[in-house]
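Reviewing the structure listed below.
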Amino acid sequence: MKFYQLAQIFSKLEKTSSRLEMTDILHKMIKLCTPLEVEKVLYLVTGRVVPKYVSLEFNMAEKMVMKSLSLCFSLEESDVKKLYKEKGDLGIVAEYLSLKESSGKKDMLVNEVFERLKIIAQYRGKESQSKKIEDLSNLLKTLKSISCKYVVRIILGTLRLGIGEKTIIDSLSWVVKGDKSLRKKIERAYYLCSDLGYVGRKLVEDGVKGLDTIVLIPGRPISPELSQREKSAEAIISRLKRAIIQPKLDGLRCQLHKWVEKGKPMVALFSRNLEVLTHMFPEVVKGAEMLEGDSFILDGELVGYREETGEFIPFQQTIQRRRKYDIEKKAGEIPVSLFCFDLMYLNGEDLTLLPYRERLNKLERLIPQNFELSLKVVESNEVSETKEVQKLFDTYVSAGLEGLMAKSPTSQYQPGVRNYDWIKLRRSYEVRLADTIDGVILGYYKGRGKLTKFGIGAFLVGIYNEEKDEFQTIAKVGTGVKEDEWEEIKTNLDKIKVDHLLPRVNIAKELMPDVLVYPQIVVVIRADEITRSPLHTAGKEGDESGFALRFPRLEKFNRPDKTVDEITTVKEIIEMYQH
DNA sequence: TCTGCCTGCCC
DNA sequence: ATTCTGC
DNA sequence: GCAGAATGGGCAGGCAGA
């Protein structure tokens, strides 16, 4: 298949909003491919050249791609940037620039483009940046304009077709069966092996029976089960009737594998997105080696934890353990434990099809209660009353935890699935507990993708520093805004546009908005937490860092009842932070 | 050798 | 991570 | 309710250029 054909199909998909229709287009496209092409196309549509558990990235994002476009089409970088701001999509910019160069462009095979992209991804070390830029530029010179659009988007990982893994899985079912009845089966195979290209190729080569060889193997990560959110204890009980309740810890999701190879115990750790974490947490690896049980796969949350005091360490510190160097040193400063909550495999047996209650029992037998080597089983309570859930929630929240997880005691472990078998209730979903601030808009940024048409995709929010008598930034906000609100915000802000940074407004250069405005419009911002910030200027004193909001979102645009004199102050933020 | 920019990956 | 939108 | 696509703060590490 020619890449050009693929690009045309992408173009058609992009114009389609009905998922049924997208599935139809996609499955017909797959039918046109040879098995090897299927494999490659499926990697490409997920913005990769290898399955996601293999760590080969393009290491090329918007800045690098802009450089490549400027080289390819002999433009100043500033002009490319201008076009990007205007069109909100570097793929569209590439297509536009390529179209202006009318000379006859060649067609390339999907396979060729795939190989060229793989080469680009593989460059590393000295001069790798310029090689990537040059290779992409050469590739774009060869391709037709519509192909340029999608090549650029593949590299950026934003194909924007409205097609994700789930839709691809449905399409694969259609390829084999003519309907979506195979979805569950394909989905399970995929989430067990985490290689969509392989699953696609196997299906096309051997049909459904091709999937039978895909089973749980210790050492190979599976996609973790995910949770839905709920807003109250009541909603949880109304969905689950009975639930196993656990504290929600603020760390990194981690899957632990242990197996035996050549008589030696092996251990591997994987992140939520199947990245290898093994070498970063030696204390957890040692713990797993000491544990009885030759082979198992378990699921848990890695979190900074001081055994002596029972104190949990904040996420901002725990995450510093995700590193390549100085591991032992950091391990001394920030010890972690893996708080386990599920067991998917034990001594040769796949446990995923057992009810959760049974998996949990086996887990509790595997890890002794007082096991001290950085491995613990998370506390569980099985309840059926709303007030029991509420009580546990209050307990966990007052202990400074994120909230709770509620799980159906009878559900299987469904890799990669996000449904109401697992429900999270976060501290911040409760209005009375969330941090809310009144801030003033200091400027806004152009939007990308589907927000391009509004000319705004985020805005910068400041609070007031009474000591320095200036506005300082505390968050960028780009979520919680409805489409008509985007329009309203843009209109309002454009009326108070200023063409230079005003005195008494303190913004770090990295956060400088595309459009600055007069500080006048007051907004209510909700957040989960106040954190120290290396970037935002709120409360910043010399070398001391400022403050920022964790997970900021718009609660209310334009509070006409409040004026700029009444917005949240740095002093108040510091009080909230210390609380 | 140091530093800033950029990217990828955690949440 | 949160949130919005079309189906 | 699902699936996808917008958007956030902030950490470490690689590379290029000073």
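Reminder, nothing fancy here: chain letters follow the sequence lines and each chain counts from 1.
A/Thr158 comes within 4.0 angstrom of nothing in the nucleic acid, heavy atoms only. Across all strands, A/Arg321 comes closer than 4.0 Å to no nucleic acid atom at all (heavy-atom distances). Within 4.0 Å of A/Lys67, counting heavy atoms only, lies no atom of the nucleic acid at all. Across all strands shown, A/Lys180 has no heavy atoms under 4.0 Å from either base or sugar-phosphate atoms. Within 4.0 Å of A/Leu549, counting heavy atoms only, lie sugar-phosphate atoms of the nucleic acid but no base atom. Across all strands shown, A/Arg153 has no heavy atoms under 4.0 Å from either base or sugar-phosphate atoms. Residue A/Arg229 is in base contact, counting any heavy-atom pair closer than 4.0 Å across all strands shown. Residue contacts shown for A/Leu554 are absent, as no nucleic acid heavy atom lies under 4.0 Å away. A/Glu62 comes within 4.0 angstrom of the backbone, heavy atoms only, and of no base.
Between A/Lys450 and D/dA5 there is no side-chain polar atom (N or O) within less than 4.0 angstrom of OP1 or OP2. Taking only side-chain nitrogens and oxygens, A/Lys324 never comes nearer than 4.0 Å to OP1 or OP2 of D/dG13. Between D/dG8 and A/Arg550, no contact under 4.0 Å exists linking OP1 or OP2 to a side-chain N or O. Between C/dC4 and A/Thr479, no contact under 4.0 Å exists linking OP1 or OP2 to a side-chain N or O. Close to D/dG1, at under 4.0 Å from its OP1 or OP2, lies a side-chain N or O of A/Arg239. Here A/Lys424 reaches the OP1 or OP2 of C/dT2: one of its side-chain N or O atoms lies under 4.0 Å away. The shortest distance between the side-chain N/O atoms of A/Arg322 and the OP1/OP2 oxygens of B/dC10 is below 4.0 Å. A close approach under 4.0 Å does not occur between any side-chain nitrogen or oxygen of A/Arg526 and OP1 or OP2 of C/dT3. Contact annotation: A/Thr531 reaches the phosphate of D/dG10 (side-chain N/O to OP1 or OP2, under 4.0 Å). Put simply, A/Ser271 has a side-chain N or O that comes within less than 4.0 Å of OP1 or OP2 on B/dC10. Side-chain nitrogen and oxygen atoms of A/Tyr325 include at least one within less than 4.0 Å of the OP1 or OP2 phosphate oxygen of D/dG14. A/Asn273 has a side-chain polar atom (N or O) that falls below the 4.0 Å cut-off from OP1 or OP2 of B/dC10. A/Gln316 has a side-chain polar atom (N or O) that falls below the 4.0 Å cut-off from OP1 or OP2 of D/dC11. One finds no side-chain N or O of A/Arg532 lying less than 4.0 angstrom from the OP1 or OP2 phosphate oxygen of D/dG9.
Atoms CE (A/Met280) and C1' (B/dG8) sit 11 Å apart, rounded to a whole Å. Taking atom CZ of A/Phe270 as the reference point, atom C1' of B/dC9 lies 16 Å away to the nearest angstrom. Rounding to whole angstrom units, CZ of residue A/Arg448 and C1' of D/dT7 are separated by 9 Å. Atom pair A/Arg418:CZ and C/dT3:P shows a separation of 13 Å (rounding to whole Å applied). Rounded to an integer number of Å, the gap from A/Ile163 CD1 to D/dA3 C1' is 11 Å. A straight line from CG of A/Leu451 to C1' of D/dA6 spans 5 Å, rounded to a whole angstrom. Rounded to an integer number of Å, the gap from CZ of A/Phe315 to P of D/dG10 is 11 Å. Rounded to a whole Å, the CG atom of A/Leu535 is 13 Å from the C1' atom of B/dG4.
The side chain of A/Arg272 sits closest to B/dC11 out of B/dC11, B/dC6, D/dA6. The side chain of A/Lys509 approaches B/dC5 more closely than any other nucleotide in the set B/dC6, B/dG8, B/dC5. Considering only side-chain atoms of A/Arg323, the nucleotide from C/dC7, D/dG8, D/dG13 that sits closest is D/dG13. Each of C/dT3, B/dC10, B/dG8 was ranked by its minimum atom distance to the side chain of A/Ile319; first place goes to B/dC10. Comparing B/dG8, D/dG9, B/dC10 by their nearest atom to the side chain of A/Leu277 picks out B/dC10. Taking only side-chain atoms of A/Ala458, from C-beta outward, the nucleotide of B/dG8, D/dT7, D/dA3 with the closest atom is D/dT7. The listed nucleotides are D/dG10, B/dC11, C/dG6; the one nearest the side chain of A/Ser17 is C/dG6.
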Could you go over nucleotides 15-18 of chain D and give all protein N or O partners under 3.5 Å, atom names and distances?
residue	atom	partner	partner atom	Å
D/dC15	OP1	A/Gly125	N	2.2
D/dA16	OP1	A/Glu127	N	3.2
D/dA16	OP1	A/Ser128	N	3.3
D/dA16	OP1	A/Gln129	N	3.1
D/dA16	OP2	A/Glu127	N	2.9

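No cation-pi contact links A/Lys118 to A/Tyr43, judged by a cut-off of 6.0 Å to the six-membered ring centre and 45° from its axis. Under the 6.0 Å distance and 45° angle rule, A/Arg153 does not count as a cation-pi partner of A/Phe10. Cation-pi geometry between A/Arg427 and A/Tyr396 is not met at under 6.0 angstrom from the ring centre and within 45 degrees of the axis.
Ring planes of A/Phe339 and A/Tyr305: perpendicular class, angle over 60° (limits at 30 and 60°). Ring-plane geometry between A/Phe270 and A/His257 is classed as perpendicular, the angle between the planes exceeding 60 degrees on a 0 to 90 degree scale with a lower cut at 30.
Between A/Asp528 and A/Arg550 no salt bridge is recorded (no basic side-chain N to carboxylate O distance below 4.0 Å).
Only one option out of A/Glu328, A/Glu283, A/Glu333 pairs with A/Arg321 in a salt bridge (charged side-chain N to carboxylate O under 4.0 Å, His left out); it is A/Glu283.
Comparing A/Arg553 and A/Arg19, the nucleotide of DNA chain C nearest to each residue sits closer to the 5' end for A/Arg553. Nearer to the 5' terminus of DNA chain B, by closest-nucleotide assignment, is the contact made by A/Lys63 (compared with the other of A/Lys248 and A/Lys63).
Atom NZ of A/Lys490 has more than 12 neighbouring heavy atoms from other residues, nucleotides or ligands inside a 6.0 Å radius.
Defined by atom type and a distance below 3.5 Å, a donor-acceptor pair is missing between the side-chain atoms of A/Tyr413 and A/Asp421. Side-chain contact of A/Gln472 with A/Lys540: a donor-acceptor pair under 3.5 Å is absent, judged by distance alone.
Aromatic ring centres of A/Phe557 and A/Phe459 lie farther apart than the 6.0 Å criterion allows.
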